[in-house]
Each structure stands twice: as C-alpha cells, then as structure tokens.
Number of protein chains: 2
Amino acid sequence: MDTKSLIIEIATTLFQQKGYKGVGLNEILKVCYVTKGSFYHHFPNGKEELLIACLQLMEEAITKDIEDIFNQFQTTQEAIHAMIEKLVDDFEREGTITGYTFSSMVSEMASLSESVRNACSSLYTKIQEIYSNKLVEDGFSKEMGYSIALMMTAFIEGGMMLCITQNASAPLKTISDVLPYLLKENE
Amino acid sequence: MDTKSLIIEIATTLFQQKGYKGVGLNEILKVCYVTKGSFYHHFPNGKEELLIACLQLMEEAITKDIEDIFNQFQTTQEAIHAMIEKLVDDFEREGTITGYTFSSMVSEMASLSESVRNACSSLYTKIQEIYSNKLVEDGFSKEMGYSIALMMTAFIEGGMMLCITQNASAPLKTISDVLPYLLKENE
DNA sequence: GTCTATATAAAGATAGAC
DNA sequence: GTCTATCTTTATATAGAC
C-alpha cells in the first residue's frame, strides 16, 4: 500500500479509538513507520488535513458496510437489528467501538473547525439516507422515513456513547430489543 | 466566590464547549485570573483532578435541573418534551449545548482514564434514575421503565450530537416530536 | 518521496519567595 | 493562598540533504 493510504488507515483507527486530540502525530507516524518529512509531503496542511481524509475514508467504509447489511435483509427492522448486533460483537471483542461512529471527532472538533464539522455532517446524512430509503421501501411515507432515520441515527450514536461510558454492551442490546416497537407501531 | 469554585465553574463551561483536550490549563486560568501556583495548590493532581470536580458539579446541576422539570409536569411525556425544548432554546441562543451533555468528555477520556469514565457513568445513571422513577409513577413496569429511561438518554445524547454536527436544532426537535410514540404505545 | 535535524509553540507541572 | 519564574515534555511544523 502507498504511504498516504497507510497513514490514513492507521490514523483512522487511532482517531476513532482515542479522538482527534487524543492522538499525536508522533504516535501515528511511529505506528506507520513513516517520518515527519514524508508525512508533510503528503499532507501539506498537517494533521487537520489528515483528519478530513480519514473522515472521507470512514464515509466510504461505513456506508458500504451499512448498505451491505441493508441489502441482506428484507426489512429495516431486521437490518438494523443485524447492524447493532455487529456493533455489539465488535465492542465485546475489541473493547472499543470503531465502526459507525465518529462522535469523538464531532464533539472535539465541531466547535473548532468548520470543515471538519461539514465532513461529519455529510457522513451522518449519508447514513440516514440509507435508512430512509429502506424505510420508504418498507412502506413508510417519505416524511416519516426521514424522521425515523434521524431517530435511528441518534439512537445508535447515543447507545454507543453509553456503552463506552459503562464499558458494557448492555445499552446497545437494550436499544436493539426495543427498537422494533418504534418501527412496528408506526407502520 | 472562592478560587477553587471559580475555577471549577469556568472550567466546566469551557470543557463542555470545547472538550477536555480542547482547552488548555493556560486558557482556563487566564479566564479566571488565577495563576498556576494557585491552581496547583487547589488541585495537586492537576487537570484531570479538575475534570473530575467539574463532572461532579455537572452531576449536581444536571440532576437538579432535570428533577425540577420532572416535578413540574404530570407525565414523563410532558416533562421530556419540556426538557428537550429547553435544550433547543439554549442551543439556538448560545450556539452550543452546554447542558445535560458531557459526551465530549466521554469520547475523549473514557478510553484513557478509568476514573473519568466512572464519573461519567455515575452521571448517566443518575439521569436515568430520574426518568425511570417517573416512568414507574406513570404506570410502567420497573423493567420497562428502565429500558425506556436508557433509550431516552441515548436518544437525547444522540440528538445533541446531531445538532452540534449539523449546527441546527432540527434533530432535537424531530426527536421531541416523535418521542411521544415511544412513550404512549407501550403504556 | 523519504530522510535527519531542527524550529517553535504549547502543553502540563514544579519550586520557592512572599 | 497566591505570586513569578522555570522546567519538562510534547505538540505541530519546517528546512534542506539525499
């Protein structure tokens, strides 16, 4: 793999685990076996440029992943259930949630950098579109589909936050169990 | 006000706005007109000790605030509606959400400091207990009350995250509109 | 495109006078 | 309890050889 992609891949994981400010450039480059000089050749605008590149990679990876799951299942309910199950598995295996979330980047950087905020916003919008389209297929109105997609995103983000805080997968599991009510009773 | 309390108050606001790593000690102390020497007299263990103190202050302030709102209204549904409305108002007025959230602290620090994670966990538990108790008053079973309280917390946290990301209050408003379905149809 | 060496600024923290 | 001055480490970033 070329140097630039390598840096982006490794930095993405580290940012997701420890947040943007929680990882120093030195740490990233040490893991990559890449030097400062090489880094600034690929990212002349430094660390923030790297973050934006990572957010774009996340956008691709996350949307692809979610789309795959949503294509595998007939209904939104089944798909979202499978999705959360996967998050829970990852969390129980690795101890951290690296997929489908970038909340640390949002909460750290949204107030500090407009371009980072926009990249995050774009990502959430993409995810919600996938949900929303599936919900319309399921028979929901466009408006209702939009609202529920928004809620689902908030739900999952909040659930991940609680899992990280409690260092336990129970919150996401509970949410996964209760979500069907949301989807069924409004159809 | 005594120096220690002053530092805690100002630091709390700054941490909520910019996250823990987003604010330097220098910045905090400059706003307080307090010197390093004085700071380390009150907080021998430095910045992380200050953060813990801030989280405790938040715990008091947030629980008191939410309890007041919940005492003002008959049902959970009305209370939570008023609560979200207050969040939305604050956001529209100030541009940032400083109340009821500390997600930046969680996502930045949970993987790095166990004692910070515990303080955050305690805070979420307290909030959920308030919801849960009210829900039991409303006629829900203890188990159902617990699940719904968890969901509500996840919902609101996720909603705030989306508001910050989109720099708009729409997400929380949508959530506020749709929440009644969750509470009504399971009663 | 990659390297080493260096610059520069900011972080958190300490020492000791008052 | 508060002050100034200082220390140490780490951060991001740059210069210039190869």
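Remember, predicted model here, so these are calculated numbers, not experimental data. A, B, ... follow the sequence lines: proteins, then strands. Residue 1 opens every chain.
Of all nucleotides listed (dT4(C), dC3(D), dT12(D)), dT4(C) comes nearest to the side chain of Thr35(A). Of the candidate nucleotides dG12(C), dT12(D), dC3(C), dT12(D) has the atom lying nearest to any side-chain atom of Lys36(A).
Between Phe43(B) and Ile52(B) there is no side-chain heavy-atom pair separated by less than 4.5 Å.
Side chain to side chain, Ser107(B) and Ser103(A) fail the donor-acceptor criterion of an N or O pair below 3.5 Å.
Cluster membership check: Val136(B) does not share its hydrophobic cluster with Tyr131(B), using side-chain heavy-atom separations under 4.5 Å among Ile, Leu, Val, Met, Phe, Trp and Tyr.
Atoms NZ (Lys30(B)) and C1' (dA10(C)) sit 13 Å apart, rounded to a whole Å. Put simply, NZ on Lys18(B) is 10 Å from P on dA11(C), counting in whole angstrom units. Rounded to an integer number of Å, the gap from CD1 of Ile28(A) to P of dT10(D) is 16 Å. Atom P of nucleotide dC3(D) and atom CG of Leu29(B) are separated by 11 Å, given to the nearest angstrom. In this entry the distance linking CD of Glu27(B) with P of dG12(C) reads 10 Å, nearest Å. Rounding to whole angstrom units, CG of residue Asp2(B) and P of dG1(D) are separated by 8 Å.
The side chain of Asn26(B) contributes an N or O atom lying less than 4.0 Å from OP1 or OP2 of dA11(C). Thr3(A) has no side-chain polar atom (N or O) that falls below the 4.0 Å cut-off from OP1 or OP2 of dG1(C).
Among the heavy atoms of the strands lying under 4.0 Å from Gly37(B) is at least one base atom, whether or not backbone atoms are also near.
Scanning residues 39-55 of chain B for heavy-atom distances under 4.0 Å to DNA chain D yields His41(B), His42(B).
The two residues Ser147(A) and Val178(B) have their closest heavy-atom pair at CB-CG2, 4.2 Å. Smallest separation of non-hydrogen atoms from Ala11(A) and Leu50(A): CB-CD2, 3.8 Å.
Sorted by first then second residue, the salt bridge (charged side-chain N to carboxylate O under 4.0 Å, His left out) pairs that include residues 61-70 of chain A, not counting sequence neighbours, are Lys64(A)-Asp68(A), Asp65(A)-Lys86(A). Among residues at least two apart or in separate chains, salt bridge (charged side-chain N to carboxylate O under 4.0 Å, His left out) pairs with a member in residues 20-39 of chain A are Lys18(A)-Glu27(A).
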